[in-house]
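Notes to accompany the following structure.
Lettering of chains follows the sequences in order, A, B, ..., and the numbering in each one begins at 1. Side chains included, hydrogens not; waters and symmetry mates left out as well; all remaining heavy atoms used.
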Amino acid sequence: MEESTNLKHTALTAVHQQLGAKMVPFAGYLMPVQYSGINAEHETVRNAVGMFDVSHMGEFIVKGDGAVDLLQRVTSNDVSKLSAGKAQYSCLPNEQGGIVDDLIVYCIDEKTFMLVVNASNIEKDWNWIKKHNSYGAVMENVSDSMSLLAIQGPKAMQTLQKLTSVKLDEIAYYHFVKGEFDGCADVIISNTGYTGAGGFEIYMDNAHAVKIWNDVLKAGEEFGIKPIGLGARDTLRLEMGFCLYGNDIDDTTSPLEAGLGWITKFTKDFVNSAALKAEKERGVAQKLCGFEMIDRGISRKDYEICTAQGEVIGRVTSGTQSPTLGKAIGLGYVKKEYAAEGTEIYVKIREKLLKAVTVKLPFLKK
Amino acid sequence: MNFPDNLKYTKEHEWIRVEGDTGIVGVTDFAQGELGDIVYVDINTVGESVAKDAVYGTVEAVKTVSDLFMPVDGEVLEVNSALQDKPDAVNTDPYGEGWMVKIKITNKSQLDELMSADAYKQMIGA
């Protein structure tokens, strides 16, 4: 285990500790993994509203005349589709067919973008993008000065609306407004999230984080708002089949195999686009699939996926007991001939082959 | 956290309650708190003799999986079948409804090597 003294704190670390959170090392930060319990927190987000401190996420500003060209080069999605106030899910392909990171690109104005990246990849992404910046774009790493709160759930909008005059119901999915929130200027209010429960992610200067955290908790009190840890964040995203970098996607997995073809746009050239296009044309060798356990057991990352005869045909990348569905679910790569929906596969759990079936994502149907 | 005085404890965070030649075994309040929400208890050793410190089953929490270790040599007589439908009893009542197995203790002298509630509390810093 990492020494807690070497871990970075967010602006809210002391607040989490006062709330009785169980704190764990995550991506070099000391982060809350749970407060009241993963299942209770998960249910709160699905049915009411919960708030996550995800300030460990990294933020880069990329701006200037070369910004669009740089982002078109390093990201797989098409930045030309963005306009001020729109955001886009994307990834950074590497030159070996894998993924440096997945990210969200926010278009502040036509020459100014904010990239939101995974905490564990901040340095890697920064160096990667910088290496490709032959376009003269100005880059700034604002990760250490920015806090990020995710307020998610069916009551998220009603909770947040009490604290701002920005009309939240006018912000469409994957759109955002930069405005005043809770008396603080220049807060980015984004209709995005990693839960499938609806809600917002709000970006603010560290100086405002504690005030906004406390005021959101007060505003959501009537709806039963709770602080939510990274444990429930993982079960919530997995029920939606959202990829987690380091689990389901990494430096070795292809965006096409990962089901991220929809953010891989061959209408432009980008890092490794020729090879990815060729991969698309000849067909992928394996696919990331969702599966549900039929036999009793819970699959976990790195467990083998096999045929009934025990031949290895893939590996699990994420697995848990779904709190909402009450059954064990997982994501994993399987050879493409086993990837069709409804295929019986087996997961090797403690030397036993337990039956599972591939299913369409998301696990949680609307 | 609660650690009843009438139980014996192990460094692997198991407890055993001795009733004559039989023992009731489970995990401690500390252990269930560390594991988090327990969703599945998988024990397939009924009828088997399991040595002290050997694995007699596993417990799955939402986030993690952990082995269950036998506190003393014993034969597994019975599994708490109620945990199949209500695994969270391990969280809510670790020393009562959340018990794991009933065993026949085959080497009673090993009980002396286990910790008292006070010694266990000291070990976990409670």
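Residue contact with chain A, scored on non-hydrogen atoms closer than 4.5 Å, involves the backbone of B/Thr64 exclusively. Heavy-atom distances place the side chain of A/Arg350, and not its backbone, under 4.5 Å from chain B. For A/Ala40, the part lying under 4.5 angstrom from a heavy atom of chain B is the backbone only. If you measure heavy-atom distances from A/Lys327 to chain B, you find no contacts under 4.5 Å at all.
When the shell of 6.0 Å around NZ of B/Lys121 is examined, it contains more than 12 heavy atoms from other residues, nucleotides or ligands. Around the NZ atom of B/Lys8, the shell of radius 6.0 Å holds more than 12 heavy atoms that belong to other residues, nucleotides or ligands. Within a 6.0 Å sphere centred on CD of B/Gln122, heavy atoms belonging to other residues, nucleotides or ligands number 12 at most.
When each of B/Asp42, B/Asp88, B/Asn91, B/Thr58 is scored by its heavy-atom pairs under 4.5 Å with chain A, the top score falls to B/Thr58. Interface remark: of the candidates A/Lys22, A/Gln34, A/Arg296, A/Arg296 forms the most heavy-atom pairs closer than 4.5 Å to chain B.
Remark: the backbone N or O of B/Asp37 is not paired with any side-chain donor or acceptor of A/Asn39 at under 3.5 angstrom.
Here B/Lys63 does not pair with A/Glu41 in a salt bridge; the nearest charged N to carboxylate O distance is not below 4.0 Å.
Side-chain contact between A/His42 and B/Val62 is absent, with no heavy atoms from C-beta onward closer than 4.5 Å.
The two residues B/Asn44 and A/Lys352 make their nearest non-hydrogen contact at ND2-NZ, 3.1 Å.
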